[in-house]
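Here is the structure we will look at.
Per chain, numbering begins at 1; letters A, B, ... match sequence-line order.
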2 protein chains.
Amino acid sequence: MELVKIYECLCDLTRLRLLHVLVQGPLCVCHFQEVLGEPQVKISKHLAYLRDRGLVESERQGNWVIYALPAKPTRELTSNLACLQDCARENAVFKRDLARLKKIEPACAWVRAGEPQKAPGQCRCGPGAAT
Amino acid sequence: MELVKIYECLCDLTRLRLLHVLVQGPLCVCHFQEVLGEPQVKISKHLAYLRDRGLVESERQGNWVIYALPAKPTRELTSNLACLQDCARENAVFKRDLARLKKIEPACAWVRAGEPQKAPGQCRCGPGAAT
DNA sequence: GTCTCATATTCCTATTGAGGAATATGAATC
DNA sequence: GATTCATATTCCTCAATAGGAATATGAGAC
């Protein structure tokens, strides 16, 4: 059942955080690392888990892979993401993620705007990139 | 995290069905068996799982054990149960459960009303009880 | 006490998934 | 071609859980 698959995706904290951040807009893997403060393998695996189950979509842009919520989410997904937003509103972990996202925002504006990659070379995340 | 625990409870179809039915009101284990059409062990184990995590409460009344949603559910639980109701609305499995619940309703009215057990002896569920 | 009914628990097997270390892939630069 | 950067995958171990069969528990009837 579709609905069970959604809940299987939601029952891990890392994935909850990924989805919660994704509601704000598309993001690439290295930015997720920055925002969540988790190692690359962990982020990448959980994103793959979500992609395999249709909760997110990915698109390669040069060296980066941009993840986004599906263009046409199901009613169930929409409903549950709204519920998640509601539940996360007053939670410290989720609030911290949003705060870190805001700090990074200038550096990753081109991703969030959906524009094609403009500035090849090093990714602007990593230590010191957004400080 | 509280929220993850809720989602862990929701990521199994049997538990989803139990909770969905419970929104209609308290029920005893044998009625769950009737409504879901699943074996006793399965029902009992999943109810225990939910109880251990605080999603349902139980109360013994003679031979029966009545399960109910918590008297004071958390904001997260309330929110997610509402979401579940919304998602389940047009789903065949959940609709069938509700239909079976209605057929049984006359037989288990005393449970749903929260009254103390009136009619000791055999439980009125089981084959032929509600037909 | 015994018997019966409703429910819970134990024991088992099989599957799933999390996490990390190491390695592989794919694209861009030189 | 080689190198570098971003990301994905493989291999491993450990823990959680689903499901069923069998058995245990707890309460009421007699």
What is the distance, rounded to the nearest whole Å, between atom [atom1] of [X] and atom [atom2] of [N]?
X     : N     : atom1 : atom2 : answer
B/Q33 : C/dT7 : CD    : C1'   : 9 Å
B/L47 : C/dA6 : CG    : P     : 16 Å
B/E34 : C/dA6 : CD    : C1'   : 14 Å
A/W64 : D/dC5 : CH2   : P     : 12 Å
A/Y67 : D/dA6 : OH    : P     : 15 Å

(request) When you get a sec, tell me which of D/dA8, D/dA27, C/dA8 is the closest nucleotide to the side chain of B/V29? (result) C/dA8

(message) Checking side chain to side chain contact (heavy atoms under 4.5 Å, CB included) between B/R17 and each of B/L13, B/T14, B/L19, which is the one that passes?
(response)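 Exactly one candidate clears the test, B/L13.
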
(message) Treating primed atoms plus P, OP1 and OP2 as sugar-phosphate and everything else as base, which nucleotides of nucleotides 11-19 of chain D get B, S or - for protein heavy atoms under 4.0 Å?
(response) ------SSB

(request) Please tell me if the side chains of A/L101 and A/L27 come closer than 4.5 Å, counting only heavy atoms from C-beta onward. (result)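 Yes, close enough: below the 4.5 Å cut-off.
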
(message) I'd like to know if B/Q40 reaches the base of C/dA8 with its side chain such that a donor and an acceptor end up less than 3.5 angstrom apart.
(response) yes

(request) Tell me what A/V65 touches on the nucleic acid: a base, only sugar-phosphate, or nothing, going by heavy atoms under 4.0 Å. (result)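 A/V65: backbone/sugar contact only, no base atoms under 4.0 Å.
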
(request) Assign A/F32 to base, sugar-phosphate, or nothing according to its heavy-atom contacts below 4.0 angstrom with the strands shown. (result) nothing

(request) Verify the contact: side-chain N or O of B/S44 to OP1 or OP2 of C/dT7, cut-off strictly under 4.0 Å; return yes or no. (result) no

